[in-house]
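The analysis underlying the following values was restricted to heavy atoms, covering all of them including side chains, and did not include hydrogens, waters or symmetry mates.
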Amino acid sequence: MTAARVGVSVEGRTLSLSNLDKVLFPANGVTKGEVIDYYTRISAVLLPYLAGRALTVIRFPNGIEGSSFFEKNAPRGRPEWVRTVRLPAPGSTKNRETIDYVVVEELATLVWLANLAALELHVHQWRVGPRGKVHGADQVVVDLDPGPPAGLTECATVALTLRDRLAADGLSAVVKTSGSKGLQLNAPIVEADPGRTSDYLRGIAQELEREHPDLVVSSMKKALRPGKVLLDWSQNNPAKTTVAPYSLRARPGATVSTPLQWSEVEAGGLVQMDVATVLARVEQYGDLYADSLSDEHRAALPRP
């Protein structure tokens, strides 16, 4: 039986880990200790996607079949070395004027969050500087969400069409599974007003909807979505977040938001992948999402 609390040192930081044998994913018995192990082993490729970004987590203290909650505000009692940034909170459902977001820039913070059963890690498409200044959007993101009976096959078709459409505007997109139902695309851009990125993607979504009315939908209305793929341009709203590459999802089987090669999307037969598969893929291929961080692939949004 695992001890109730275990003291560990992570890159010079002292942490107290608890309940490591608690099962968080009952379908395949994945424990909190195994979640911490996964985030530790994947950290080299995960941390660059969290660095400099305000973090929202979804915590599952009693596993994915228990209650859960979104957490934007950094929890009380956090270690003094955990970086936070205070940002305005317009429209806060809890009537807050500001939120103290966690910013993950080292392995110890990632392990600390995993110990809190923060399974899902979600970030914005903009960064904050070392002194807390909010920068413009440095990426465009698109969530492809299938409405049953559509699934990953239909998402792959839309992803390839969207990739080519973005390329026509000089944008170089990478692709990953959401770890849930669909796929997500990301293209690095020169910093822009998030309002511009949202408007740009809305125009693209509506354009593809007109060209492929039996496959693509740009509206969130549920009545329009069965059998089609929602091209969710609204993820570029500065208040919204998207699950980070390599983040776990609270799904049976401990699935992960997994970067893909475009050749895999072209070949079809996509599935949502689990922890063991993702670790093996990174060992084999490295970080397939790295182009989204590369200045070499960064492009300006086209002007209206």
Side-chain angles (χ1 to χ4, degrees), residues 2-25 30-40 42-43 46-135 238-244 246-250 254:
T2 305
R5 287 195 171 272
V6 177
V8 297
S9 177
V10 180
E11 297 182 341
R13 308 292 196 190
T14 299
L15 288 163
S16 178
L17 308 182
S18 61
N19 301 315
L20 298 181
D21 56 353
K22 178 180 283 188
V23 175
L24 299 183
F25 293 87
V30 173
T31 65
K32 189 204 281 191
E34 290 170 317
V35 167
I36 293 172
D37 178 69
Y38 167 72
Y39 275 129
T40 299
I42 205 69
S43 62
L46 168 59
L47 285 173
Y49 300 100
L50 306 179
R53 299 192 190 274
L55 182 73
T56 296
V57 301
I58 310 180
R59 289 174 58 182
F60 296 80
N62 295 303
I64 66 168
E65 294 182 357
S67 60
S68 64
F69 57 96
F70 281 83
E71 189 167 61
K72 295 177 181 289
N73 220 36
R76 295 178 181 177
R78 61 188 176 272
E80 55 85 21
W81 41 261
V82 169
R83 183 190 173 192
T84 61
V85 60
R86 182 166 293 176
L87 299 176
S92 169
T93 58
K94 297 184 178 180
N95 297 317
R96 293 175 175 144
E97 293 185 0
T98 61
I99 291 177
D100 291 328
Y101 288 94
V102 170
V103 181
V104 181
E105 294 181 327
E106 59 178 321
L107 175 57
T109 303
L110 190 57
V111 171
W112 169 70
L113 287 168
N115 187 57
L116 296 178
L119 300 183
E120 296 196 10
L121 312 173
H122 296 249
V123 291
H124 300 273
Q125 81 276 25
W126 42 265
R127 291 179 180 268
V128 291
R131 297 181 182 178
K133 178 184 177 181
V134 176
H135 293 258
K240 286 196 172 184
T241 59
T242 303
V243 69
Y246 305 108
S247 172
L248 282 161
R249 301 307 303 269

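- Atom-to-atom distance recorded for I64:CD1 and L24:CG is 9.0 Å, nearest 0.5 angstrom.
- For E106, the salt bridge (Lys or Arg N to Asp or Glu O under 4.0 Å) partners at least two apart in sequence or on another chain are R13.
- Put simply, OG1 on T242 and CG on L121 are 13.0 Å apart, with the number rounded to the nearest 0.5 Å.
- Between the side chain of D100 and the backbone N or O of A74 there is no donor-acceptor pair closer than 3.5 Å.
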Using distance only, find each side-chain donor-acceptor pair of residues 49-58 under 3.5 Å and give its atom names and separation, not counting sequence neighbours.
residue, atom, partner, partner atom, Å
Y49, OH, D287, OD1, 3.3
Y49, OH, D287, OD2, 2.5
Y49, OH, Y289, O, 3.1
Y49, OH, A290, N, 3.3
R53, NH1, H124, O, 3.4
R53, NH1, W126, O, 3.3
R53, NH1, D138, OD1, 3.2
R53, NH2, D138, OD1, 3.1
R53, NH2, D138, OD2, 2.9
T56, OG1, K72, NZ, 3.4

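- Between S43 and P48 the shortest heavy-atom distance is O-CD, 4.3 Å.
- Under a 3.5 Å cut-off, the side chain of R83 and the backbone N or O of V102 do not form any donor-acceptor pair.
- A distance of 10.5 Å separates CZ of F25 from CD of E34, quoted to the nearest 0.5 Å.
- The shortest side-chain heavy-atom distance between L116 and P75 falls under the 4.5 Å cut-off.
- The OG atom of S247 lies 7.5 Å from the OH atom of Y38; values are rounded to the nearest 0.5 Å.
- Every side-chain contact (heavy atoms from CB on, under 4.5 Å) that N62 has, sequence neighbours left out, goes to K22.
- When atom types are taken as modelled, the side chain of T40 and the backbone of I36 share a donor-acceptor pair closer than 3.5 angstrom.
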Test side-chain contact (heavy atoms from CB on, under 4.5 Å) on W112 and V10; report intermediate values, then the result.
CA-CA 10 Å; W112 169 70; V10 180; over 6 Å; no
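- A donor-acceptor pair under 3.5 Å is formed between the side chain of N115 and the backbone N or O of S18.
- Inter-residue side-chain proximity for L20 and T31 is flagged as unmet; no heavy-atom pair is nearer than 4.5 Å.
- One distance of note links CD1 of I42 with CG of D37; it measures 11.0 Å at 0.5 Å rounding.
- Rounded to the nearest 0.5 Å, atoms CG (L113) and CZ (R78) are 11.5 Å apart.
- Within the 4.5 Å cutoff, side-chain heavy atoms of P61 are placed close to those of F69.
- At distances below 3.5 Å, at least one donor-acceptor pair connects side-chain atoms of E120 with backbone N or O atoms of A250.
- Nearest heavy-atom pair, L46 versus A244, reported as atom, atom and distance to 0.1 Å: CD1-CB, 4.4 Å.
- Side-chain atoms of L15 and V111, non-hydrogen and from C-beta on, do get closer than 4.5 Å to each other.
- Residues A114 and Y39 approach most closely at CB-CD1, 4.0 Å, considering heavy atoms.
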